[in-house]
Amino acid sequence: MFCVGTRTLEWTFVKEPLKRHYRPANSTPSIVMDALDLSVNLRGIGWNWSKNVYIPPETRPTSSRTVFCAYVFVSILIRAFICGALHVAVRAFSPETFVVLSGGTIFDTSLPPLIRYIRSSIISVVNAFGIFSIMQLEYDVFTMIGVAVFRQEPAQWPPIFQAPWLATSLREFWSRRWHQLFKHAYVTLGGRPLSLIFGRAGYICGAFLASGIFHNVVVIMLNGNVEMWCMLLSFGMLAAGIILEDVFTSLTGYRVGGWKGWL
């Protein structure tokens, strides 16, 4: 419901009517189904407002619905195993705090600084892959339901990620390789308003500001003691990093990339 509420704010600022330019074969036009699809179709697949949302290239077999579903089912099994393994791995670092909603710090002050930060870095990396895996698992499950149960076309469920670990810059990571499910909302509610005042930098900062607020609301649902500045600072640093990449490009004429950008 929070996501639907966010979508209604997006629709307040649309500049042209929302139109569906793709409809599955043999489907009957329906105002009710179109309204439902518009509400939950986060990337706007098949709608005119999604033209600026990047869709990763398809790598799964789509010639047959049966083969496609079999591929997705295998992916579900693999992702489920990976999610369980990573979850157990993270919990093993701190069984007393990482198994409760109140949580705990990833920094063990009883350890020497070097060991302490190596430990926290390992936890962060493992958890990042865990977040990627659980989101991919959830998307695969919904893909299976949509294609196998509701007989949707595989084209309506394009890939959600594009190997984010191969990104060679922050810009590439957030604009192409990470999921773009909420990009339109962040840009509409945060990026565009601030860009009117601060230009391109305001566009970037506003989008990540909206993202920080959105993620803070989600975390509060699990732990009401979380302070908003934590999310705003972390996502604000991402905006600062992308702006620095743009400054580097403007000064040198080269884009951030390669193995150095990957590091």
Side-chain angles (χ1 to χ4, degrees), residues 56 59 74-141 159-182 186 208 211-245 248 256-263:
T59 58
V74 173
S75 177
I76 290 175
L77 297 179
I78 295 175
R79 299 296 177 186
F81 173 79
I82 294 176
C83 287
L86 295 178
H87 181 66
V88 171
V90 170
R91 289 176 55 180
F93 281 96
S94 183
E96 298 81 14
T97 58
F98 291 173
V99 297
V100 294
L101 289 180
S102 57
T105 178
I106 63 176
F107 301 104
D108 188 345
T109 56
S110 66
L111 298 174
L114 179 60
I115 303 301
R116 181 191 315 165
Y117 290 112
I118 290 178
R119 175 182 180 272
S120 63
S121 298
I122 293 174
I123 293 174
S124 298
V125 171
V126 173
N127 195 58
F129 276 97
I131 293 174
F132 162 79
S133 298
I134 189 65
M135 294 192 69
Q136 183 64 65
L137 172 62
E138 292 173 346
Y139 188 75
D140 284 343
V141 170
I160 186 176
F161 291 103
Q162 187 179 349
W165 50 86
L166 296 181
T168 57
S169 69
L170 283 174
R171 176 175 293 280
E172 181 188 11
F173 181 91
W174 289 109
S175 64
R176 287 179 175 268
R177 293 191 176 275
W178 194 247
H179 76 82
Q180 305 296 299
L181 295 179
F182 305 108
Y186 299 156
F208 280 101
S211 179
I213 295 174
F214 182 93
H215 283 81
N216 186 75
V217 171
V218 174
V219 173
I220 286 178
M221 297 177 186
L222 301 176
N223 184 355
N225 297 322
V226 175
E227 298 181 15
M228 181 176 289
W229 72 267
C230 298
M231 283 294 181
L232 297 185
L233 177 62
S234 59
F235 281 92
M237 290 301 294
L238 294 171
I242 292 179
I243 292 175
L244 288 175
E245 288 184 347
F248 173 83
V256 175
W259 66 270
K260 294 180 181 179
W262 182 81
L263 289 177

May I ask you to decide if Ile242's main-chain N or O and Arg171's side chain share a donor-acceptor pair within less than 3.5 Å?
no
Closest non-hydrogen atoms of Asp140 and Arg79, given as atom of the first, atom of the second and distance, are OD2-CG, 3.9 Å
Reported CD1-to-CD distance for the pair Ile220 and Glu227, which is rounded to 0.5 angstrom
10.5 Å
Measure the CD1-CG distance between Ile115 and Asp108 for me, rounded to the nearest 0.5 Å.
11.0 Å
Going by the angle between their ring planes, with limits at 30° and 60°, are Trp165 and Phe132 parallel, tilted or perpendicular?
perpendicular
What I'd like to find out is whether the side chain of Phe161 reaches to under 4.5 Å of the side chain of Met135, using heavy atoms alone.
yes
For Gln136 against Ile160, the heavy-atom pair lying closest together:
OE1-CG2, 3.5 Å
Can you give me the closest heavy-atom contact between Trp262 and Ala167, atom names plus distance?
CD1-O, 3.2 Å
On a heavy-atom basis, the closest approach of Leu137 and Ile76 is CD1-O, 3.5 Å
Could you check if a side-chain atom of Val256 sits within less than 4.5 angstrom of a side-chain atom of Thr168, using non-hydrogen atoms only?
no
Looking at every non-hydrogen atom in both residues, tell me the closest pair between Arg119 and Leu111 and how far apart they are.
CD-CD1, 3.7 Å
Note: Gly212 and Leu232 closest approach over all heavy atoms is C-CD2, 4.2 Å
Side chain to side chain contact (heavy atoms under 4.5 Å, CB included) for Leu238 and Phe235? Distances and angles first, verdict last.
CA-CA 5 Å; Leu238 294 171; Phe235 281 92; 3.9 Å; yes
Supply the atom-to-atom distance Arg116 CZ to Thr109 OG1, rounded to the nearest 0.5 angstrom.
6.5 Å
In this structure, OG1 of Thr97 is separated from CZ of Arg91 (nearest 0.5 Å) by 11.0 Å
Full working for side chain to side chain contact (heavy atoms under 4.5 Å, CB included) between Ile106 and Phe98
CA-CA 9 Å; Ile106 63 176; Phe98 291 173; 3.9 Å; yes
Is a donor on one side and an acceptor on the other found under 3.5 Å between the side chain of Glu245 and the backbone of Leu170?
yes
Do side-chain atoms of Ser120 reach the backbone of Tyr117 as a donor and acceptor pair under 3.5 angstrom?
yes
Value rounded to 0.5 Å, distance of OG in Ser175 from CD in Gln180:
6.5 Å
What class does the angle between the rings of Tyr186 and Phe182 fall in, given that below 30° is parallel, 30 to 60° is tilted and above 60° is perpendicular?
tilted
